[in-house]
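What you are looking at is a predicted structure, and each value in this text was computed from that prediction instead of being measured.
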Amino acid sequence: STEKVEVAFRNVPSAGARHPFETYLLINRVQGIKPGIYYYHPLKHGLVLFKEGEQWAETVCRGAFDQEMILHSAVTFIWAALPHRTTWRYSQRGYRYLYLDAGHVGQNLHLAAEAIGAGACMIGAFYDEGMNEILDLDGSSAFVIYMASLGKKPREES
């Protein structure tokens, strides 16, 4: 076959290597990057501006039951699940794997945060419809599954 297939290697385990998530980042305080919501493009290994503006921090915060760390974080990761990537192979059981995969993603974020001296806080409490609306997701073929805020740890006094 002469068909070219592009793949992105990932550093997180996934059931059947299906990798059913898309990653969005609410960027608040990252030097050199304008505030807004960005899509992480895995094949290009880069960020694509999705929705520009500082106002998205408050919108996402409201969508996550007013968890204020979202307002103060450098970045809040928002993972959207595309269940068909897993269910085509595993049928209904694929939905179970989505949540296992979400745990793997969260664990890797915590490990990466620790490696750079940052802190992470996982977020599982959010309004499904509200968060899906922010990302223009239909809530069925794609939906927000997990979130996490990341930022600098407070300096320790010596």
* To do: Group every Ile, Leu, Val, Met, Phe, Trp and Tyr by side-chain heavy-atom contacts under 4.5 Å, then state whether Y39 and I27 land in the same group.
  => no
* **Minimum-distance pair of heavy atoms, taken over all atoms of L47 and Y38** => CB-CD2, 3.9 Å
Going by atom type alone, with no hydrogens or angles, which donor-acceptor pairs under 3.5 Å involve a side-chain atom of residues 109-121 and a protein atom two or more places apart or on another chain?
residue: E114; atom: OE1; partner: K153; partner atom: NZ; Å: 3.0
residue: E114; atom: OE2; partner: K153; partner atom: NZ; Å: 3.4

* Asked: Should the ring pair W79 and Y146 be called parallel, tilted or perpendicular, given that the plane angle runs from 0 to 90° and is split at 30 and 60?
  -> tilted
* **same_hphob_cluster(I123, F143) at 4.5 Å side-chain heavy-atom cutoff** => no
Do any side-chain atoms of residues 57-69 form donor-acceptor pairs under 3.5 angstrom with protein atoms, and if so which ones, sequence neighbours left out?
residue: T59; atom: OG1; partner: Q55; partner atom: O; Å: 3.2
residue: Q67; atom: NE2; partner: A64; partner atom: O; Å: 3.0
residue: Q67; atom: NE2; partner: A125; partner atom: O; Å: 3.0

* Asked: Can you name the side chain to side chain contact (heavy atoms under 4.5 Å, CB included) partners of E52, sequence neighbours left out?
  -> K34, L49
* Give a yes or no on whether R96 atom CZ has more than 12 heavy-atom contacts from other residues, nucleotides or ligands under 6.0 Å away. => no
* **Connected via hydrophobic side-chain network under 4.5 Å: F77 and M122** => yes
* Nearest non-hydrogen partners of A80 and Y24, listed with the distance -> CB-CE1, 4.1 Å
* ILVMFWY network linking M147 to I145, side-chain heavy atoms under 4.5 angstrom -> no
* Asked: Are I78 and L150 linked, directly or through other ILVMFWY residues, by side chains that come within less than 4.5 angstrom of each other?
  -> no
* Between R85 and E22, is any pair of side-chain heavy atoms under 4.5 Å apart? -> yes
* Nearest heavy-atom neighbours spanning A142 and L137 -> O-CB, 3.5 Å
* Could you state the interatomic distance from CG (L98) to CZ (F21), rounded to the nearest 0.5 Å? -> 5.5 Å
* Which pair of heavy atoms, one from I134 and one from F50, lies closest together, and at what distance? -> O-CE2, 3.9 Å
* To do: Spell out, as yes or no, whether a donor-acceptor pair under 3.5 Å connects the side chain of N28 to the backbone of P35.
  => no
